[in-house]
Number of protein chains: 2
Amino acid sequence: MPETARRTDRHSGARYGNRPTMKDVAARAGVGLKTVSRVVNGEPGVTPETERRVQEAIDALGFRRNDSARVLRKGRTASIGLVLEDLADPFYGPLSRAVEEVARAHGALLINGSSAEDPDREQELALALCARRVDGLVVIPAGDDHRYLEPEIKAGVATVFVDRPAGRIDADVVLSDNFGGARDGVAHLIAHGHRRIGFIGDMPRIHTAAERLRGYRAAMEDAGIPVEDSWMSLGVTDPQRVRRAAEEMLTGPDPVTAIFAGNNRVTVTVVRVLAEQSRRVAFVGFDDIELADLLQPGVTVVAQDAAALGRTAAERLFRQLDGDLITPERIELPTRLITRGSGELPPTD
Amino acid sequence: MPETARRTDRHSGARYGNRPTMKDVAARAGVGLKTVSRVVNGEPGVTPETERRVQEAIDALGFRRNDSARVLRKGRTASIGLVLEDLADPFYGPLSRAVEEVARAHGALLINGSSAEDPDREQELALALCARRVDGLVVIPAGDDHRYLEPEIKAGVATVFVDRPAGRIDADVVLSDNFGGARDGVAHLIAHGHRRIGFIGDMPRIHTAAERLRGYRAAMEDAGIPVEDSWMSLGVTDPQRVRRAAEEMLTGPDPVTAIFAGNNRVTVTVVRVLAEQSRRVAFVGFDDIELADLLQPGVTVVAQDAAALGRTAAERLFRQLDGDLITPERIELPTRLITRGSGELPPTD
DNA sequence: TAGAGCCTGGACAACGTTGTCATATGCGAG
DNA sequence: CTCGCATATGACAACGTTGTCCAGGCTCTA
């Protein structure tokens, strides 16, 4: 009676059409609960004959171990979380995939979440992942205050920040050399004779955007070029705004002869605008884009390695989990200037 | 004594630096366990004063509810799984993001896994997700036999297949009109005077690849054009093979005047090869690619809506979960021919 | 003022698994 | 033939949460 009652228990929270449990398997195979557990987990100490009987019952019932219960008992979930900005962005896809590969090598699954560049949503996601008891967290910050993660980190959740540094807490960070990359890209334009160079980037509250702007300013300053306010445009990177910004720079009273784009989305829009222009405007963009080499002229870019960012961060995460007591570190990956033509155009007025 | 013993229990599986539990919060707030549960879940029946005390204890201890235990008790995980081919592919990023958005709207998290086009890995991933007791599963099949999911589906795991149909089981499927799209694309080339048209696609065991090939054949047959074997090349879509295939078609004894590419990766490689040719070869590709409009000539494509695929599948999944007793259905989304120039080039011999 | 009814709070079991420990069985050695 | 030991198996508690049910204290009404 209790056995059947359990299955039809009115107040049972059970869903899933009453999946069979180890108890059911044990009953069917005529063995003890623990023996089933042994077989399921490949533990030694079970006769081949017993194992066969258990396996038969498992197959007949369609049993699959409930990892939720396992997690509860063991404490580790073998899963890690990744909070990024937008999985649909071609920059984050490869990054996520790289994290996944490292996780896989460590027998862990990956839970992704997109913050849509919203700090509240980032926090909500990160904490939801902690509630699921992910073993670790890779975060591409949208906000600039991560103290909300302090209790979690203290409680043992491994944490690594990527692409942008953590705010107000001490944690591992893996970054690209945004400052140096932008500086080199702009210097490249200067070396080809440009002085009036525009910069179109993302909102300055985003660390990468601020760093790249800083790189732009540094390159200009190194060359002794005073920067006009009308040459810089920072804000959301939707096509409309970027398009207007580019057009204003190109037609204003002091028109630029070259443009530096702060990220991949800005790049695609600016390239589009430039294609419509009659005069040739030099261009360098941050982030590589597909087919950049086939455009006329080829698009010169400062490339960062998204996969390497993800891989490095994930490896760092698992080193934390393996108990390598490491002090938080800031790892900076180099960028690479890829010249393809657009950055080598001479100034035309 | 038992209280402290519990915390330092030598054989406790506890990791996570002994996170506080509701029991700890209850002790600190001087209330019962269930009262804490009520506060945490916003259930009614707690005086403001009691709630304040509990909340205080929660903050002080850095308590966060353990969702593993909650899942175990409640039966639902509020998470769904997505098995796809490669998150780094620009086609799957937006698809995954769309699924995530729908999941989010239903309060669920998304766990991604990449199968790398390997049927075994697909199965391994899907079953691992089932062991985690995801509520539902969206699968982009790599293999062609999904009977291994039967026990899971019977046990209540909602399941929807996307992009390619399920093999040997009856389940919901959301597809693009691969056949029609390819047929229209090839017909477009024929309408512009081409008769010798090459087809380069993925391995024919992949459903989409086979369907697109079928569309190619149908268009050719409709026009009364016999297809030469040397015009077709099917296999892995890595750049080397595709490049060789394209070059052979262009230089063979019976050279093609147009090429149809079976997916986005083939497209980028073929476009590259064509850019190196002196004569103009017409081209149409399956899947849209970024900046296709800016190439010279613009790349004509048969576009499918990856986000719509993901959204449709996820919505279907949650309808299953909401208990709408729906019989498995096959939903086909239309494709769209986007003409940009490359498909409208006349034949040149 | 007593009884009925409501509201708040707590004790307890159950979810499905795994670690520990105890028992049973069989076998070899003395 | 018996003791001891190794090996196979099972009973039981615990992981942290939530659903049920009950107790105690309060208010309101007759």
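Lettering of chains follows the sequences in order, A, B, ..., and the numbering in each one begins at 1. These numbers were taken from a predicted model, which means no experiment stands behind them.
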Does A:Arg65 reach a base, just sugar-phosphate, or nothing at all? Heavy atoms under 4.0 Å. sugar-phosphate

Nearest to the A:Met22 side chain among C:dG16, D:dG19, C:dT17, which nucleotide is it? C:dT17

Describe, as an angle rounded to 10 degrees, how the axis at the first end of the helix from C:dT1-D:dA30 to C:dG30-D:dC1 is tilted relative to the axis at the last end, five pairs per end. 50°

Rounded off to whole Å, could you give me the CZ-to-P distance for the A:Arg64 and C:dT17 pair? 12 Å

Any idea which of C:dG10, C:dG19, D:dT17 is nearest the B:Arg38 side chain? C:dG10

Can you say whether a donor on the side chain of B:Arg133 sits under 3.5 Å from an acceptor on the base of C:dG16, or the other way round? no

Under 4.0 Å, counting only non-hydrogen atoms across every strand here, what does B:Asp67 touch: a base, just sugar-phosphate, or nothing? nothing

Measure from NZ on B:Lys74 to P on C:dG16 and round the result to the nearest Å. 15 Å

Closest nucleotide of DNA chain C for B:Val46 versus for A:Leu72: which of these residues is on the 5' side? B:Val46

Hey, is the main chain of A:Glu56 close enough, under 3.5 Å, to the side chain of A:Asp59 for a donor-acceptor pair? no

Rounded to whole Å, please give me the gap between CD in A:Glu51 and C1' in D:dT7. 16 Å

Passing candidate, side-chain contact (heavy atoms from CB on, under 4.5 Å) with B:Tyr148, options B:His146, B:Glu152, B:Glu150: B:His146

Rounded distance in Å - NZ (A:Lys23) to P (D:dA13): 14 Å

Any donor-acceptor pair under 3.5 Å from A:Gln320 side chain to A:Thr159 backbone: yes

Ranking D:dT17, C:dG19, D:dT18 by distance to the side chain of A:Arg73, first place goes to C:dG19

Strictly below 4.0 Å: does B:Asn66 bring a side-chain N or O up to OP1 or OP2 of D:dC15? no

Answer yes or no: does atom CG of B:Asp144 have more than 12 heavy-atom neighbours from other residues, nucleotides or ligands under 6.0 Å? no

Please pick, from D:dT18, C:dT17, D:dG10, the nucleotide with the shortest atom-to-atom distance to any side-chain atom of A:Lys34. D:dG10

Taking everything shown except B:Asp118 itself, do over 12 heavy atoms lie less than 6.0 Å from its CG? yes

N or O in side chain of A:Thr47 less than 4.0 angstrom from D:dA8 OP1/OP2: no

Describe the nucleic acid contact of A:Val31 in one word from base, sugar-phosphate, nothing, applying a heavy-atom distance below 4.0 Å. sugar-phosphate

Contacts of B:Arg121 that satisfy side chain to side chain donor-acceptor pair (under 3.5 Å) - sequence neighbours left out: A:Glu101

A:Glu49 CD to C:dT25 P, in whole Å, measures 17 Å

Rounded to the nearest Å, what distance is computed from the CG atom of residue B:Asn41 to the C1' atom of nucleotide D:dG19? 12 Å

Scan residues 27-36 of chain A for pairs that pass side-chain hydrogen bond (donor to acceptor under 3.5 Å, both in side chains), counting only residues two or more places apart or in two chains. none

For atom CZ of B:Arg132 and atom C1' of C:dG16, their distance in whole Å: 16 Å

Residue A:Leu33, side-chain heavy atoms: nucleotide from C:dG10, D:dT18, C:dT17 that is nearest: C:dT17

Donor-acceptor side-chain pairing of B:Ser114 and B:Asp86 below 3.5 angstrom: no

Contact class for A:Thr50 (heavy atom, under 4.0 Å): base, sugar-phosphate, or nothing? sugar-phosphate

For C:dT18, does OP1 or OP2 lie under 4.0 Å from any side-chain N or O of A:Ser37? yes

